[in-house]
Amino acid sequence: MLGGVAFGLVAIALVVGAALAARRFGLPAPVLLVGASAVYTLLPGPDLRLEPDIVLALVIPPLLFSAALSSSLLEIRANLRAVISLSVLLVAATALVIGGLLVTVVPGLSFAAACALGAALAPPDAVSALSIGRRVGLPDRLRTVIEGESLLNDATALTLYTVAVAAVVGGPFDVPFVTGKFLAAALGGIAVGIAVAWLIGQLRHRIEEPVAETAISLATPFAAYLPAEALHASGVLAVVTAGLVLGHQSRQLLSGAARLHALAVWRLVDLLLEGFVFLLIGQQFVAIVPAIEDYPLGTVLAATAVTIGGVLLTRALWLLVPALLPTRLRFLSPHPHLSGRELVALSWSGMRGVISLAAVFALPLSTDAVGFPHRDLLLFCAYSTVLLTLIGQGLTFGPLLRRLGVRPDADEGRRQRARARVAAAEAGLRTLRSLQGHEPIPVVLAERLRRAAEDRKQRSVDSLTSLNTPTDEQIPPESPTDTFGRVRRTMIEAERDELQLWRDTGQLTDVSLRLLENELDHEEGALPPP
């Protein structure tokens, strides 16, 4: 008991330490966690074994749901062609390529067993891609494609994996069967996700308590995953569908206070679960390496090389070859709206992660009293691929983006937000004028409300003017909105100090202090980000 608690404390310390080190030194936190966890396994003390059922049922659903909540249903729909190309067609092609390559270098390995490994490694990991992508900064178009691919490709991969494993133990492995199985799982997962989103929406309409609404949000991914899996549909796709729908309807379903509360809780969940996932990957090092001692070294090296090569080259060729077509044939490309540099960056974003490992760990230990063919070798190939892509691509993804000059247009985002703030302030002013015509509002109060809205509108107009004015300076001048946020934060800190002084001198109770601090916290949270 105490050992488990001690391990938990060490895990939290590693997660928090990696997050701080990543911010301080500009390194990807996932890479730091995997490295630290691998070193930890060599030390005496308790280790964490990967349990596939726990990872797939308890860890992955909330991470995918959180990512789906913050994704854009409209943007994914606008890039649907690219998303389907990557999350369905590329996943299937990768599984078949790895399967075909492995059977040529591993004597006695069946195509179905090789495809099981290929299917497990085919999908880039949502947790890895989004965790690293958020840190390095991505253009909106590229981020949307990566998010859409990462959210949807697991359903394709796990369906192909299930069919391949079934074929190894005696089931069919033919195109019509695989296609039918995939369509049934995908459509069933989408249907369950929509149904769960509707039910959760009806429940939220009847609740106006932020803590209760956050509790419902935390339970939603499991409410979508479990019934979908029970119906032999895609639990992953059900979770993603529910998250996209509920995130799209957030304005209608949640109050402002509930959104603030849920956002803070989900950030904590993401930090801890993402950290747990990467620690888990590093922890498997000592369990996997000794298992291949009975294989010839040449076979191990060849199998590992073709697996890693199949993962990296298939993605690169799938993305880059269509871009080399003549201009008149570019419409055949699944990604005609992405530039060549963006396609190169996208081809290097395919980190693999814990879902791939969990799937390979879930390979049955035996098939009719006979061990699953080459299970230990397949597990080693999977682990090597995850480590190489996660560490190699994770460390080089940011520098590659900078070298290619692929970066988000921050000024355009600021312009868009400033225009939206102006429109929102004008809507508020129109509503105020309408209310004055229908109910008695004190003149002094109405004037205060009008001045506050006009002030917000003017700050945004000034920001637009500043952003649209060319400047020869290397560092752009601070916009009025940024100045307002910086000065107001300084004022809020002074107000907090004064409130604490009142508490310390006995003029204010702790209960009143917390209520007043909460007011300032909400105001600070509404300021433009620094």
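Throughout, residue positions are numbered sequentially from 1 according to the sequence presented.
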Any side-chain heavy atom of Cys381 sitting closer than 4.5 Å to one from Leu117? yes
Would you say the side-chain atoms of Thr104 pair up with the backbone N or O of Leu101, donor to acceptor, closer than 3.5 Å? yes
What is the distance from atom CG of Leu86 to atom CZ of Arg81, rounded to the nearest 0.5 Å? 12.0 Å
Trace of the side-chain contact (heavy atoms from CB on, under 4.5 Å) decision for Leu377 with Val300: CA-CA 7 Å; Leu377 179 60; Val300 174; 4.1 Å; yes
Looking only at heavy atoms, the pair that brings Ser356 and Pro123 closest together is OG-O, 4.1 Å
When rounded to the nearest 0.5 Å, the distance separating CG of Leu357 from CG of Leu379 is 7.0 Å
Arg352 side chain to Ala122 main-chain N or O, any donor-acceptor pair under 3.5 Å? yes
Ignoring hydrogens and angles, tell me if any N or O in the side chain of Thr156 forms a donor-acceptor pair with the backbone of Ser87 under 3.5 Å. yes
Given side chains that start at C-beta, do those of Val106 and Tyr295 come closer than 4.5 Å, heavy atoms only? no
Is Arg375 reaching over with its side chain to a backbone N or O of Phe361, donor-acceptor style, under 3.5 angstrom? yes
Residue pair Val145 / Val83: nearest heavy atoms and the distance that separates them: O-CG2, 4.4 Å
When you compare the side chains of Thr94 and Trp318, does any donor N or O come within less than 3.5 Å of an acceptor on the partner? no
Does any non-hydrogen side-chain atom of Pro62 lie less than 4.5 Å from one of Leu218? no
One pair to check against side-chain contact (heavy atoms from CB on, under 4.5 Å): Val15 and Phe276. What are the steps and the verdict? CA-CA 8 Å; Val15 170; Phe276 171 79; over 6 Å; no
Glu342 side, atom CD; Ser349 side, atom OG - distance, nearest 0.5 Å: 12.0 Å
Which pair of heavy atoms, one from Leu109 and one from Pro373, lies closest together, and at what distance? CD1-O, 4.2 Å
Which value, rounded to the nearest 0.5 Å, describes the distance between Thr214 atom OG1 and Trp266 atom CH2? 10.0 Å
If you take all heavy atoms of Ala36 and Leu14, which pair is closest and at what distance? CB-CD2, 4.2 Å
pair Gln393-Leu312: side-chain heavy atoms closer than 4.5 Å: yes
One pair to check against side-chain contact (heavy atoms from CB on, under 4.5 Å): Leu64 and Asp154. What are the steps and the verdict? CA-CA 10 Å; Leu64 288 177; Asp154 295 320; 4.3 Å; yes
Using modelled atom types and a 3.5 Å cut-off, is there a donor and acceptor pairing between side-chain atoms of Arg315 and backbone atoms of Leu346? yes
Is there a side-chain contact (heavy atoms from CB on, under 4.5 Å) between Tyr383 and Ile281? Walk through the geometry before answering. CA-CA 8 Å; Tyr383 192 71; Ile281 292 174; 4.2 Å; yes
Mark yes or no for whether Thr241, through its side chain, and Ile194, through its backbone, hold a donor-acceptor pair below 3.5 Å. no
Roughly how far apart are Thr385 OG1 and Ile308 CD1, rounded to 0.5 Å? 4.5 Å
Between Pro364 and Val165, is there a side-chain heavy-atom distance shorter than 4.5 Å? yes
Is there a donor-acceptor pair closer than 3.5 Å between any side-chain N or O of Ser37 and the backbone N or O of Leu33? no
Hey, is the main chain of Phe380 close enough, under 3.5 Å, to the side chain of Ser384 for a donor-acceptor pair? yes
Minimum heavy-atom separation for Ala223 and Val196, please, with both atom names. O-CG2, 3.7 Å
Within the 4.5 Å heavy-atom criterion, are Val239 and Phe222 side-chain neighbours or not? no
With Glu229 via salt bridge (Lys or Arg N to Asp or Glu O under 4.0 Å) - residues at least two apart: none
Validation row: Tyr225, Ile60 side chains within 4.5 angstrom (heavy atoms): no
Tell me if the CZ atom of Arg341 is crowded by more than 12 foreign heavy atoms within 6.0 Å. no
Output yes when a side-chain donor or acceptor of Tyr161 lies under 3.5 Å from a complementary backbone atom of Leu121, and no otherwise. no
Taking all atoms of both residues into account, what is the closest heavy-atom pair of Leu102 and Ala303, and its distance? CD2-O, 3.8 Å
Side-chain heavy atoms of Leu96 within contact of Cys115, under 4.5 Å: yes
Please check if the side chain of Asn153 supplies one atom and the backbone of Val91 the other of a donor-acceptor pair under 3.5 Å. no
Measuring from atom CG of Leu237 to atom CD1 of Ile190, what distance do you get when rounded to the nearest 0.5 angstrom? 4.5 Å
